[in-house]
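Worksheet: the structure to be examined is printed underneath.
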Amino acid sequence: MGSAMLRAAWWTLRGLQRSLVPLSARMSSNRTDRSYALADKVAVITGSTKGIGFAIARRLARDGAHVVVSSRKQHNVDRAVAALQGEGLSVTGTVCHVGKAEDRERLVATALEHYGGVDFLVCVAGVNPLVGSTLGASEQVWDKVLDVNVKSPALLLSQLLPHMENRGAGSVVLVSSMVAYVPIPKLGVYNTSKTALLGLCKSLAIELAPKGIRVNCLVPGIIKTDFMQVEKTLPYLLPDFNDIYGLFGEPEECAGIVSFLCSSDASYITGENIVVAGYSPKL
Ligand SMILES: NC(=O)c1ccc[n+]([C@@H]2O[C@H](COP(=O)([O-])OP(=O)(O)OC[C@H]3O[C@@H](n4cnc5c(N)ncnc54)[C@H](OP(=O)(O)O)[C@@H]3O)[C@@H](O)[C@H]2O)c1
């Protein structure tokens with residue numbers, strides 16, 4: 001009886017300690033407890049030579065997938081491939097500016113040539129060329145942002161679709177942003193493109209469900225990468241950012257959820273927009 005009470009007290013204390021663990025001590029998403037959940041699968045990832053895309057590439061490869069990394073600059077591709085191959089991971093790469101049809105074709109061809117098919121597409125590449133008024137944006141800026149951020153995932157997927165269909169199942173992950181829900185002033189065109197991705201995710205999920213292809217959206221908060229240059233730009237763009245978001249994330253903290261969404265553990269999940277932002281004000 002005494003030892004049962006002690007055990008109960010110990011479990012209660014343990015539970016309390018767990019609930020008091022600060023968010024800043026949250027678990028690293030580098031864990032690979034579900035080792036080789038993606039074994040023998042093939043993943044194509046755009047914008048994956050640094051930042052969030054690179055972390056996703058590393059994670060999917062660690063979880064057993066063959067990974068094709070890509071971005072606009074050859075030296076970035078070479079560096080990323082060398083780094084990941086140096087870790088013993090099955091990775092190749094090619095240059096792919098997602099806004100260019102011929103580059104997208106080369107990306108598809110590279111995957112087929114090296115690994116014989118494609119199971120997963122993760123669309124990470126995104127741009128924001130403008131800090132300024134939405135209505136002051138030129139047509140050129142609108143075209144560039146919508147081409148790269150919104151149109152290119154759909155166009156690349158249309159090129160990959162026959163090959164994904166051949167596999168009988170597949171998973172697509174788009175990368176949106178919390179600005180889709182909480183727009184940052186002066187980033188109106190970018191905010192709009194990221195909101196459009198939430199809609200694209202829903203439409204594609206319905207369209208591709210009969211083919212066994214799931215489509216979900218990763219919605220990161222503020223992640224410490226070159227893209228955001230967090231410390232320098234955010235306090236100016238969004239003085240209250242700390243009240244809204246609270247925490248900055250690491251690229252690796254976006255990677256585990258993408259691996260999960262690609263895996264068969266997520267077989268009943270499609271059309272979802274999943275926030276990885278420390279905290280989310282959306283319901
Ligand atoms: N960082 C954040 O706080 C945050 C938050 C929410 C959402 N996001 C989204 O996450 C994605 C990645 O951002 P990140 O922070 O990881 O950026 P990052 O560290 O600057 O990395 C961007 C990557 O994309 C490549 N890239 C850029 N333009 C491209 C294009 N047109 N075609 C193909 N590849 C291209 C870059 O390589 P090259 O220069 O060689 O092309 C690089 O590999 C973006 O879609 C962004 O909107 C970021």
Side-chain angles (χ1 to χ4, degrees), residues 44-59 67-81 83-84 91 93-104 106-107 110 121-131 143-153 155-156 173-184 187 189-198 200-201 217-234 237-238 241 244-255 257-258 273-278 280:
V44 168
I45 312 178
T46 69
S48 47
T49 57
K50 60 180 181 165
I52 295 170
F54 182 76
I56 292 170
R58 174 183 269 145
R59 177 59 188 260
V67 172
V68 186
V69 298
S70 60
S71 75
R72 293 166 303 179
K73 296 172 195 141
Q74 184 70 57
H75 66 269
N76 286 342
V77 174
D78 293 343
R79 197 194 48 222
V81 170
L84 297 173
V91 173
T94 187
V95 165
C96 176
H97 182 316
V98 293
K100 296 183 178 170
E102 64 275 20
D103 281 19
R104 295 193 301 267
R106 187 183 325 111
L107 181 58
T110 302
L121 170 64
V122 186
C123 298
V124 186
V127 288
N128 173 44
L130 177 75
V131 176
D143 285 347
K144 179 172 183 172
V145 174
L146 296 180
D147 278 357
V148 170
N149 295 6
V150 184
K151 277 166 62 181
S152 78
L155 294 172
L156 177 56
V173 179
L174 310 176
V175 176
S176 175
S177 166
M178 273 298 283
V179 304
Y181 297 111
V182 186
I184 294 181
L187 299 186
V189 180
Y190 174 75
N191 298 336
T192 304
S193 74
K194 292 298 179 180
T195 308
L197 281 175
L198 306 182
L200 180 64
C201 172
C217 212
L218 168 71
V219 185
I222 300 171
I223 310 299
K224 288 188 229 164
T225 67
D226 292 349
F227 185 75
M228 282 313 279
Q229 296 183 347
V230 168
E231 289 80 5
K232 286 185 219 151
T233 54
L234 270 180
L237 292 173
L238 189 63
F241 69 94
I244 297 176
Y245 292 99
L247 290 166
F248 297 146
E250 301 290 342
E252 290 72 20
E253 293 183 294
C254 295
I257 189 71
V258 175
N273 303 313
I274 297 180
V275 175
V276 178
S280 164

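Quick note: numbers below take in every heavy atom, side chains included, and nothing from hydrogens, waters or symmetry partners. Every number for a ligand or one of its atoms is a count from 1 in the order of the listing.
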When you look for heavy atoms under 4.0 Å from ligand 1, do you find them on the side chain of [X], its backbone, both, or neither?
X	answer
Ile52	both
Met178	neither
Ala80	neither
Tyr190	side chain
Ser176	backbone

Which ligand 1 atoms, with their elements, are less than 4.0 angstrom from a heavy-atom of [X]?
X	result
Ile222	3 (O)
Gly126	44 (C), 45 (O)
His97	31 (N), 32 (N)
Lys73	39 (O), 40 (O)
Val124	11 (C), 12 (C), 44 (C), 45 (O)
Ala125	32 (N), 33 (C), 34 (N), 35 (C), 45 (O)
Gly51	16 (O), 19 (O)

Any donor-acceptor pair under 3.5 Å linking the side chain of [X] with the backbone of [Y]?
X	Y	answer
Asp103	His97	yes
Thr46	Ala125	yes
Asn191	Ile184	yes
Lys194	Val150	no
Ser70	Cys96	no
Arg104	Ser152	no

Sub-3.5 Å N/O-N/O distance, [X] and ligand 1:
X	value
Ser70	no
Val175	no
Lys194	yes
Gly53	no
Val127	no

[X] and [Y]: which non-hydrogen atoms are nearest, and at how many Å?
X	Y	value
Val131	Leu187	CG2-CD2, 4.0 Å
Val69	Ala80	CG2-CB, 4.4 Å
Gly126	Asn149	CA-OD1, 3.2 Å
Thr195	Ala180	OG1-O, 3.1 Å

Looking only at the aromatic ring of each residue, does the gap between the centers of Phe227 and Phe54 stay below 6.0 angstrom?
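Not under 6.0 Å, so no.
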
Start with the C-alpha gap between Tyr190 and Ser177, add the side-chain angles, then the distance that decides, and say whether side chain to side chain contact (heavy atoms under 4.5 Å, CB included) holds.
CA-CA 10 Å; Tyr190 174 75; Ser177 166; 4.1 Å; yes

Where the closest heavy atom to [atom] is concerned, which of [options] has it?
atom	options	value
atom 26 (N) of ligand 1	Lys224, Arg72, Lys144, Arg104	Arg72
atom 37 (O) of ligand 1	Gly47, Gly249, Ser71	Ser71
atom 6 (C) of ligand 1	Ala57, Ser177, Ser152	Ser177

State the CD1-CD distance between Ile52 and Glu250, to the nearest 0.5 angstrom.
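Going from CD1 on Ile52 over to CD on Glu250, the span is 11.0 Å.
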
Does Gly99 reach ligand 1, in the sense of a heavy atom lying below 4.0 Å from it?
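Heavy atoms of Gly99 never come under 4.0 Å of ligand 1.
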
Can Gly221 be said to touch ligand 1, with heavy atoms closer than 4.0 Å?
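It does; at least one heavy atom falls under 4.0 Å.
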
